[in-house]
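Heads up: the structure comes next, in structure tokens.
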Amino acid sequence: GADIILDLSIFAVAFLCCSFFYHIESPRWELSNWVLGGRKMYNVLEWLEESQEKYSDKIAVIDEMGAVTYDELVNVSKAIGSKLAAVTGMRKPIAVLADKGIDTLSTFFGIVYAGCFYVSFNPELPEVRLNQVQSVLNAEYIITDEEHLDRTKSLVSEDKILLIED
């Protein structure tokens, strides 16, 4: 029962994330397309880069720690994507165990730039639940911050942990 629900929920997350990469030729999947400036877009990175072109020096994201412009967001995200692409293959699940914020959002975009998909692990979940999700997802890497490093060590080996701060 619970294992099947968990398997289906992980599959649904993976499928939705992958729909950002590939346009599915079916009228039922029109929600996977965005229209920005009269132009159809097929993934979130197109939207981000188009926004960067139009609003490069405007604030893209604000959190309690500060703010970043579209240029900064794209540049940091691409740097994260390059680092990640050097250590993993495409179309892999990458988990992120961190609180919401600019760094986490940049990490999400970076994962997509690397050709992978992200799965957000809520730091407020009990360790048992995180272990269940990881056992089904089998994320090769988990990206986390210093605050959640100890919790992450219980999910994967230390060589499979990447720090946001790096």
Side-chain angles (χ1 to χ4, degrees), residues 1-24 26 28-34 42-48 60-66 68 73-74 76-166:
D3 290 338
I4 292 172
I5 292 170
L6 182 61
D7 288 343
L8 290 175
S9 65
I10 296 301
F11 174 76
V13 168
F15 182 78
L16 289 172
C17 291
C18 287
S19 72
F20 287 133
F21 296 116
Y22 307 103
H23 170 65
I24 299 170
S26 169
R28 289 181 287 178
W29 298 105
E30 286 300 314
L31 291 177
S32 68
N33 301 324
W34 293 283
Y42 299 105
N43 79 41
V44 69
L45 297 179
E46 287 181 48
W47 168 83
L48 179 63
V61 184
I62 299 171
D63 70 10
E64 59 275 345
M65 302 301 288
V68 294
L73 180 61
V74 169
V76 168
S77 298
K78 284 182 177 180
I80 292 168
S82 294
K83 278 187 164 185
L84 189 56
V87 297
T88 191
M90 292 183 67
R91 299 185 185 125
K92 303 280 185 181
I94 307 295
V96 180
L97 179 63
D99 293 316
K100 294 177 184 177
I102 293 170
D103 290 342
T104 304
L105 182 62
S106 299
T107 300
F108 290 162
F109 284 130
I111 291 167
V112 178
Y113 271 116
C116 298
F117 62 93
Y118 65 87
V119 177
S120 179
F121 281 13
N122 183 344
E124 295 178 14
L125 288 175
E127 195 164 323
V128 171
R129 179 67 175 142
L130 290 174
N131 278 308
Q132 286 175 331
V133 174
Q134 172 57 9
S135 71
V136 173
L137 182 65
N138 198 24
E140 184 177 6
Y141 288 95
I142 297 180
I143 301 175
T144 191
D145 52 20
E146 289 285 345
E147 180 183 347
H148 299 97
L149 182 58
D150 288 337
R151 289 194 74 200
T152 306
K153 289 178 182 178
S154 71
L155 300 171
V156 292
S157 62
E158 286 191 46
D159 64 322
K160 299 299 182 175
I161 298 172
L162 304 173
L163 286 175
I164 291 174
E165 292 87 354
D166 291 341

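Since the structure is predicted, the reported quantities are computational estimates derived from the model, not experimental observations.
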Is it true that atom CD of Glu127 has more than 12 heavy atoms of other residues, nucleotides or ligands lying nearer than 6.0 Å?
-> yes
Determine yes or no for a side-chain-to-main-chain donor-acceptor pair under 3.5 angstrom, with Glu147 supplying the side chain and Ala98 the backbone.
-> no
Taken to the nearest 0.5 Å, the spacing of Met90 CE from Leu84 CG works out to 11.5 Å
Indicate yes or no: at least one non-hydrogen side-chain atom of Asn131 is less than 4.5 angstrom from one of Leu155.
-> yes
Hey, does the side chain of Thr144 reach the backbone of Leu163 with a donor-acceptor pair shorter than 3.5 angstrom?
-> no
Let me know which of Val44, Asn43, Leu48 forms a side chain to side chain contact (heavy atoms under 4.5 Å, CB included) with Glu46.
-> Asn43
All ring pair (Phe, Tyr, Trp, His ring centres under 6.0 Å) counterparts of Phe109, not counting sequence neighbours | none
Rounded distance [0.5 Å steps], OG1 in Thr152 versus CG in Leu97 = 4.0 Å
Please report the shortest heavy-atom distance between Arg151 and Leu125, naming the atom on each side.
-> NH2-O, 2.5 Å
Supply the atom-to-atom distance Lys153 NZ to Ile142 CD1, rounded to the nearest 0.5 angstrom.
-> 13.0 Å
Give a yes or no on whether the backbone of Leu73 and the side-chain of Ser77 come within a donor-acceptor separation of less than 3.5 Å.
-> yes
Counting distance only, does the side-chain N/O of Asp63 pair as donor-acceptor with the main-chain N or O of Ile102 below 3.5 Å?
-> yes
How far apart are the closest heavy atoms of Ala114 and Ala85, and which atoms are they?
-> CB-N, 3.9 Å
Atom CD of Glu124: over 12 foreign heavy atoms under 6.0 Å | no
From Ile111 CD1 over to Ile80 CD1, what is the distance, rounded to the nearest 0.5 angstrom?
-> 8.0 Å
On a heavy-atom basis, the closest approach of Thr88 and Tyr141 is CB-CE1, 4.0 Å
Check for a donor-acceptor pair, side chain of Glu140 on one end and backbone N or O of Ile94 on the other, with a separation under 3.5 Å.
-> no
Nearest-0.5 Å distance that lies between atom CD in Gln134 and atom CZ in Phe121 | 5.0 Å
State, yes or no, whether a side-chain contact exists between Asp103 and Asp145 at a heavy-atom distance under 4.5 Å.
-> no
Is a donor on one side and an acceptor on the other found under 3.5 Å between the side chain of Arg91 and the backbone of Gly115?
-> no
Tyr113 versus Gly81, closest heavy-atom pair with distance | CB-CA, 4.2 Å
Pro93 vs Tyr118 side-chain heavy atoms within contact, under 4.5 Å | no
If you round to the nearest 0.5 Å, how far is CG of Asp99 from CG of Asn122?
-> 8.5 Å
